[in-house]
**Student:** 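My questions will all concern the structure given below.
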Amino acid sequence: MRIAIGADHGGYELKQQIADFLIAQGHQVQDFGTHSPESVDYPDFAAPLARAVVAGEFERGILICGTGIGMSIAANKVRGARAALCTDCYMAHMSRQDNDANILCLGGRVLGLGLALDIVQVFLNSEFLGGHHTRRIGKIRALDEERG
Ligand code: RB5
């Protein structure tokens, strides 16, 4: 799978670990930065990654900051982005099944490595159910249009 990954300093270490894990699994991973633990601003990483995912350059995106909150708020400002902040595997599964999330947000200061990798696996391996959920995604798209 083509996967974009990005983080700020709060998610830098976990990003490196997740990227290594995904590459070892045979995924194509593009690292949008940050490339050091130095302090940076999370919207500078959320926006380019979200735009690239929405443009279809990647099948999924993963964004990590200290809590995952800033990344999810910023990514969801990009039209077509459905960024889901997940702290457990159930949320990751449902974010795909019901919400057709295209970006997973994680908290580097919230999750241990084992749980984070499990959440990533579930997010990548779960599929959108469609059906009545498609109508709801359509209503989210309408909100994007409304925003102009
Ligand atoms: C950076 O200190 C921190 O605010 C950021 O990583 C993130 O948690 C924001 O939501």
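In listed order, ligands and their atoms are each counted from 1. In what follows, every heavy atom counts, from backbone to side chain, and hydrogens, waters and symmetry copies are set aside.
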**Student:** Can you sort out which atoms of ligand 1 are near H9, meaning under 4.0 Å from one of its heavy atoms?
**Tutor:** 1 (C), 2 (O)

**Student:** I'd like to know whether CD of Q121 has more than 12 heavy-atom contacts from other residues, nucleotides or ligands below 6.0 angstrom.
**Tutor:** yes

**Student:** If we set the cut-off at 4.0 Å for heavy atoms, which region of T67 has an atom near ligand 1: side chain, backbone, both, or neither?
**Tutor:** both

**Student:** Taking all non-hydrogen atoms of both residues, which atom of I103 and which atom of A75 are closest, and how far apart?
**Tutor:** CD1-CB, 4.4 Å

**Student:** Return the residue, atom name and 0.1 Å-rounded distance of the protein heavy atom closest to atom 9 (C) of ligand 1.
**Tutor:** Y42 CE2, 3.5 Å

**Student:** For E145, look at atom CD and say whether over 12 heavy atoms of other residues, nucleotides or ligands are found less than 6.0 Å away.
**Tutor:** yes

**Student:** Checking a contact table here: which protein heavy atom is nearest atom 5 (C) of ligand 1, and how many Å away?
**Tutor:** D8 OD2, 3.2 Å

**Student:** Yes or no, since that's all I need: does a protein heavy atom fall within a distance strictly under 4.0 Å of atom 2 (O) of ligand 1?
**Tutor:** yes

**Student:** What residue among R82, H133, R136 forms side chain to side chain donor-acceptor pair (under 3.5 Å) with D100?
**Tutor:** R82

**Student:** Both conditions, 6.0 Å and 45 degrees, for the charged tip of R96 above the ring of F128: are they met here?
**Tutor:** no

**Student:** Counting only heavy atoms not in R2, do more than 12 fall under 6.0 Å of its CZ?
**Tutor:** yes

**Student:** Heavy-atom distances under 4.0 Å are what count here, so tell me which part of M71 touches ligand 1: side chain, backbone, both or neither.
**Tutor:** neither

**Student:** Tell me whether G66 has any N or O atom under 3.5 angstrom from an N or O of ligand 1.
**Tutor:** yes

**Student:** R79 side chain to R147 main-chain N or O, any donor-acceptor pair under 3.5 Å?
**Tutor:** no

**Student:** So which protein heavy atom does atom 10 (O) of ligand 1 come closest to, and at what separation?
**Tutor:** G70 N, 2.8 Å

**Student:** Would you indicate which of G107, P43, C65, G108 comes nearest to atom 7 (C) of ligand 1 when only heavy atoms are counted?
**Tutor:** C65

